[in-house]
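A note on names: the letters A, B, ... follow the listed sequences, proteins ahead of strands, and every chain is numbered from 1.
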Amino acid sequence: MFGSPVPPIAGMSTELDYDPIAVETKWQQRWAERGTNTLTDGQLRDAERPFYNLMMFPYPSAEGLHVGNMYAFTGADIYGRWKRLQGEQVFEPIGFDAFGIHSENFALRMGTHPMQLIPSNIRNFTRQLKRIGAMYDWNHTVDTTDPEYYRWTQWLFLQLFKAGLAEKKQAPVNWCPSCKTVLANEQVIGGACERCGTVVEQRTLSQWFFRITRYAERLLDNLRWIDWSETTRKAQENWIGRSEGAELRFTVASPWRASAGSAAATAVDEARAYHASHPENGGYEQHLEIPVFTTRADTIFGATFLVLAPEHPVVAWVTTPERAGEVAAYRERAAAMDLVTRKKTDKEKTGVSTGGYATNPATGERIPIWIADYVLMEYGTGAIMAVPGHDQRDFEFARQFGLGIRRVVAGPGESAATPLDEAYIGEGTLVNSGDFDGMPTEQSRHALTMWLAERGAGEPRVNYRLHDWCISRQRYWGPPIPVIYCDACGTVPVPESDLPVRLPLVDNYKPDESGISPLARAEDWYRVACPQCGGPARRETDVSDTFLDSAWYFLRYPSAHRADTPFDRELTKKWLPVNMYIGGEEHAVLHLLYARFITMALRDLGLVDFEEPFLTFRKHGLLIKEGSKMSKSRGNVVIPDQYIEKWGADTFRTYLMFLGPYQEGGDFRDQGLQGPYGLLNRLWDSIVPLDRLGTDPAPEALERKLHQTIRKVTEDIAALRYNTAIAALMEYLNAVREGGRKVNRAEVEPMVPLLAPFAPHIAEELWERLGHEGGIFSGHNWPAFDEDKARDAAVEVAVQVNGKLRARLMLPAGTGEDVARAAALADENVRRHMGNLTVRKAIYVPDRLLNLVVG
RNA sequence: GCCCGAGUGGCGGAAUGGCAGACGCGGGGGACUUAAAAUCCCUAGCCGGCAACGGCGUGUGGGUUCGACUCCCACCUCGGGCACCA
């Protein structure tokens, strides 16, 4: 029956049982030997169908590869393998984002120096990554802690510096008292440190910033055309936070002048500084204008007071001597408050009057100036015009302190005299607004702005929530910011020829409370000669944010070997922008925003030819375990190794993709692995031993199902619907093996490439056993489907009577309504439900459904 | 409070406005086996019925439609993001 055993061919496997570990070990070795997954620099240069398939590179933690990493990587790898089976030349690199607070904190906890710990983590991570069966190009990896990498990170800083996009400025910044460093706005989640969860303090420090705000408009506009997951786009849109309104200026009616030598000398200094940065206001001591940002210029007639943020530089200037004590006390209290408490919205409004007055440019009235912590220095101008009638916060404040409330908008059914129990936020028509009475609010916003503009009291303005990117970190484990401070020459960039500025080996790298970087302890490192004048100078001792390392790594991969340039012009042109980028949603406003900004800046500097780095981005979902979030404290974190040992990487990969829609995540259950294992095992069993395979052509019904399956798997993978693609393969194999029938080669052979993206090792093995040479991924081996062959000859048509299912009829595909109707009316059950009623109307969806409406 | 998602069998999850529950796990029964694994067959939303079949059923309430898991309105619950943003 089985024929005579085939004599073993040299190098061919003859094992009859599916042994995942043996198969996987064998193929991983072969891939490495053959260089299956690596591109030579020549291939990179000459590729005709380049496809850059990118996944967010990992931070190599000491805990090792987490199943979350593997989930992300596998989903991305499947896409890359699929593209490759379609004949594209796929570049799929991997690297390590190994600088940063997270690594450093871990090293501190372990008591091991990061310069020792990180390389060992990377080795361990690499070992794990090699087992998951991804087609990484191990010839083109990056490690952000390698001086040959970070020299270019520093180079990047210098390019931005030269372009005026990097500036050092004194600014209120987020300080994490636990990590003992400043954080970018994007790294503060709900007022707490993204890394450690500690409530963040506010400090005023001099820090390096990248002027990402200059790109706010373009970062926002491009979101309209880049092909990104909708949720990610939305997150960026919200983060950038564009709002259209006006800047309006209120003249201080009674500027109080500090007498020389008084305690208010600082106040005068602050006011001078304020004027220096607002030359448009005219000179100091001429008059003083306080600009406010508002989206509701239509309510200007209702602005009955001004509120400044406690930190606002003109506070001391407008405060009268009688109020100075209370104002100072309030400012101190506000400064001492942590951000979470300060930004709580449910607490009672607090504030104090400065005693100063300003003039409402619309009404000419004198209105009091207050300070309150509900006004934030970091948004808008740090000052607001308070319109208690039409802003709930201002309303509460006015109630609290007995300030005037005036209605200037009448909603539907309201008049100028309708009392206000709470702020009326909605639209309506203007009242109590002079000549503008009766004008609809939407229209009056512009009209009033223009009216005020004519009188020099304001102009239209767009405001963004986005802040400049603070990149200074008072930590050790990062690339030193390549700047030297010289008493004579000031801030001097390190000459490019002196890069990299190596991170020195410092034994005591622990951060401290002072806000001064650990590198400041390495005196023989930071004392240098000024590159300009040769005089004594000192290096910047802060390092840069990890997110700078990862903001350009995708540019480095193709040029990973190049010592002369960060990214080769021609290679970059060929391979970028990235064709497909897959990663986690948690980086929507961090990495993804920064990478876009850096790319735009490089484009403006003429260094790359595109301004969006990732044409297509897809976020993957999150895995949970047995219904609850995976976390170390719950002890339910899945470590891939043990599963790979038990089931093999192919089963594990396939299961991860099967357990739910990739872009939404899913629930990991140990029991679930059995299903995908069964698929692989049954496919193996259907093909091995080869001489048991039939050589007949597939019966028509199976051939049809095969073509339907090819179509479905192709479409589903393209849309990252991996779970349903796998389900289709299972369904097809069930049909092939139904009733234990003898399987023909023509029925199962095409399944091998269809399964290959998910389970590449077993696919290679079966492909080889089927007699193919050179490996399944060596060329265009993805099967094509034939629409004609995929078409069903007979279809089941549902018959409804008044919308309820009463029969199912097998009819030839393409049956016309008349024939279908006749068949339906011949059905006994249909007739029974119709009784003696007549058909009033029939809805016929060919090949699907016939609904008879009777009455 | 605002902005996104999502609520479907015992469970994970499928369904261009057209047969709800594909596929898988788990369960029950059976075949093969000394036995187990693997494999195969049958069964399986809930209620009633021996069955044919009927009724009910996609978080809740309404609406649009011949027909709604799918579209619209209101609400509830869960997850995520933002949050005194002027």
Side-chain angles (χ1 to χ4, degrees), chain A residues 17-18 189-191 230-235 237-239 241 243 245 292-296 299 307 342-347 349 372-376 378-387 391-394 396-397 463-465 585-586 588-589 621-622 624 626-627 629 655 658-661 663-679 681-682 685-686 721 723-732 734 737-741 796-808 828-829 832-833 840-845 847-855:
Chain A
D17 288 330
Y18 174 40
I189 312 294
E230 185 55 33
T231 50
T232 315
R233 273 207 300 231
K234 260 261 143 31
E237 198 182 306
N238 291 341
W239 188 263
S243 65
V292 304
F293 175 74
T294 180
T295 53
R296 293 297 303 269
T299 62
V307 187
R342 162 124 185 218
K343 292 191 173 178
K344 265 224 170 87
T345 56
D346 52 358
K347 65 183 204 292
K349 294 274 179 292
D373 67 2
Y374 81 92
V375 175
L376 307 174
E378 73 243 28
Y379 187 78
T381 62
I384 61 156
M385 64 176 206
V387 184
D391 181 284
Q392 192 55 28
R393 295 155 300 183
D394 299 343
E396 284 164 23
F397 193 80
N463 195 52
Y464 295 93
R465 210 190 73 110
E585 175 79 342
E586 67 274 18
V589 295
L622 288 182
I624 56 172
E626 323 263 325
K629 205 183 239 178
Y655 173 61
F658 180 66
L659 54 70
Q663 292 181 83
E664 279 152 51
D667 195 357
F668 187 100
R669 286 166 183 265
D670 290 355
Q671 280 183 328
L673 284 132
Q674 189 61 52
Y677 179 79
L679 171 68
N681 193 38
R682 284 197 294 271
D685 182 67
S686 307
R721 288 190 302 257
N723 56 332
T724 50
I726 295 165
L729 289 169
M730 290 171 165
E731 194 176 332
Y732 174 67
N734 288 346
R737 291 166 61 91
E738 190 174 22
R741 64 181 282 280
E796 196 178 63
V797 174
V799 180
Q800 299 180 333
V801 177
N802 284 344
K804 293 215 181 231
L805 181 71
R806 298 303 178 192
R808 295 158 197 227
E828 197 184 319
N829 205 38
R832 193 145 57 81
H833 282 94
R840 299 225 179 277
K841 186 173 170 186
I843 286 92
Y844 183 57
V845 183
D847 296 349
R848 305 213 64 151
L849 167 139
L850 174 68
N851 185 12
L852 300 171
V853 183
V854 300

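- Using a 4.5 Å heavy-atom threshold, the side chains of A/Ile726 and A/Tyr655 count as separate.
- Base pairing of B/A38: no nucleotide in any strand meets the Watson-Crick or G-U wobble criterion (both distances under 3.5 Å).
- Nearest nucleotide to the A/Lys841 side chain, out of B/A83, B/C66, B/C84: B/C66.
- Residue A/Arg832 is in sugar-phosphate contact alone, with no base atom involved, counting any heavy-atom pair closer than 4.0 Å across all strands shown.
- Contacts of A/Asn463 with the nucleic acid, taken as non-hydrogen atoms under 4.0 Å apart, are absent.
- Residue A/Gln800 is in base contact, counting any heavy-atom pair closer than 4.0 Å across all strands shown.
- Within 4.0 Å of A/Val375, counting heavy atoms only, lies at least one base atom of the nucleic acid.
- When distances are taken from the side chain of A/Ile843 to each of B/C40, B/G18, B/G13, the shortest belongs to B/G18.
- For the atom pair CD1 (A/Ile384) and CZ (A/Arg393), the distance works out to 7.0 Å, reported to the nearest 0.5 Å.
- At least one test fails for A/Lys349 against the ring of A/Phe397: distance under 6.0 Å to the centre or angle within 45° of the axis.
- The separation of B/G59 from B/G9, taken at their P atoms, amounts to 8 Å, rounded to a whole angstrom.
- Distances were taken from every side-chain heavy atom of A/Gln674 (C-beta onward) to each of B/A38, B/C19, B/G13; the shortest belongs to B/A38.
- Comparing atom distances between the A/Lys349 side chain and each of B/C84, B/G13, B/A38 picks out B/C84 as nearest.
- With a cut-off of 3.5 Å on both Watson-Crick or G-U wobble distances, the partner of B/G18 is given as B/C66.
- Between A/Asn802 and the phosphate of B/G67, there is no side-chain N or O to OP1/OP2 separation shorter than 4.0 Å.
- Using a 4.0 Å cut-off, no side-chain N or O of A/Lys234 falls inside it from OP1 or OP2 of B/C3.
- Within the 4.0 Å cut-off from OP1 or OP2 of B/G54, at least one side-chain nitrogen or oxygen of A/Asn829 is found.
- For the pair A/Arg669 and B/G13, the criterion of a side-chain N or O lying under 4.0 Å from OP1 or OP2 is not met.
- Taking atom C1' in both B/U70 and B/U65, one finds a spacing of 13 Å when rounded to whole Å.
- In terms of phosphate contacts, A/Lys804 brings a side-chain nitrogen or oxygen within less than 4.0 Å of OP1 or OP2 of B/C56.
- Counting non-hydrogen atoms under 4.0 angstrom, A/Arg741 reaches nothing in the nucleic acid.
- No side-chain heavy atom of A/Leu850 sits less than 4.5 Å from a side-chain heavy atom of A/Ile843.
- Across all strands shown, A/Phe668 has no heavy atoms under 4.0 Å from either base or sugar-phosphate atoms.
- Under the Watson-Crick and G-U wobble criteria, each requiring two contacts below 3.5 Å, nucleotide B/C75 is paired to B/G59.
- Within the 4.0 angstrom heavy-atom criterion, no nucleotide atom of any strand lies near A/Gly245.
- Looking at heavy-atom distances under 4.0 Å, A/Asp391 makes no contact with the nucleic acid at all.
- A/Asn681 comes within 4.0 angstrom of the backbone, heavy atoms only, and of no base.
- Residue A/His833 places at least one side-chain N or O under 4.0 Å from the OP1 or OP2 atom of B/G54.
- Using a 4.5 Å heavy-atom threshold, the side chains of A/Arg296 and A/Val387 count as separate.
- For A/Trp239, whose side chain is taken as the heavy atoms from C-beta onward, the closest listed nucleotide among B/C82, B/U39, B/C23 is B/C82.
- Counting any heavy atom pair closer than 4.0 Å across all strands shown, A/Asp373 reaches a base atom.
- Here A/Glu796 lies in heavy-atom contact (under 4.0 Å) with a base.
- Among the heavy atoms of the strands, none lies under 4.0 Å from A/Arg840.
- When both pairing distances are held under 3.5 Å, B/G49 makes no Watson-Crick or G-U pair with any nucleotide shown.
- Using Watson-Crick or G-U wobble geometry with both donor-acceptor distances under 3.5 Å, B/C82 finds its partner in B/G1.
- Taking 4.0 angstrom as the limit, A/Arg806 places a side-chain polar atom (N or O) nearer than this to OP1 or OP2 of B/G54.
- Residue A/Leu659 is classed as a sugar-phosphate contact, given heavy-atom separations below 4.0 Å to backbone atoms only.
- Applying the 4.0 Å criterion to OP1 and OP2 of B/A86, one finds that A/Arg296 has every side-chain N and O outside that range.
- Phosphate proximity of B/C85 to A/Asn238: absent, as no side-chain N or O sits under 4.0 Å from OP1 or OP2.
- Glycosidic conformation, B/G80: anti, with the torsion outside 90° of 0.
- For A/Val799 against A/Leu852, the heavy-atom pair with the smallest separation is CG1-CD1, 4.5 Å.
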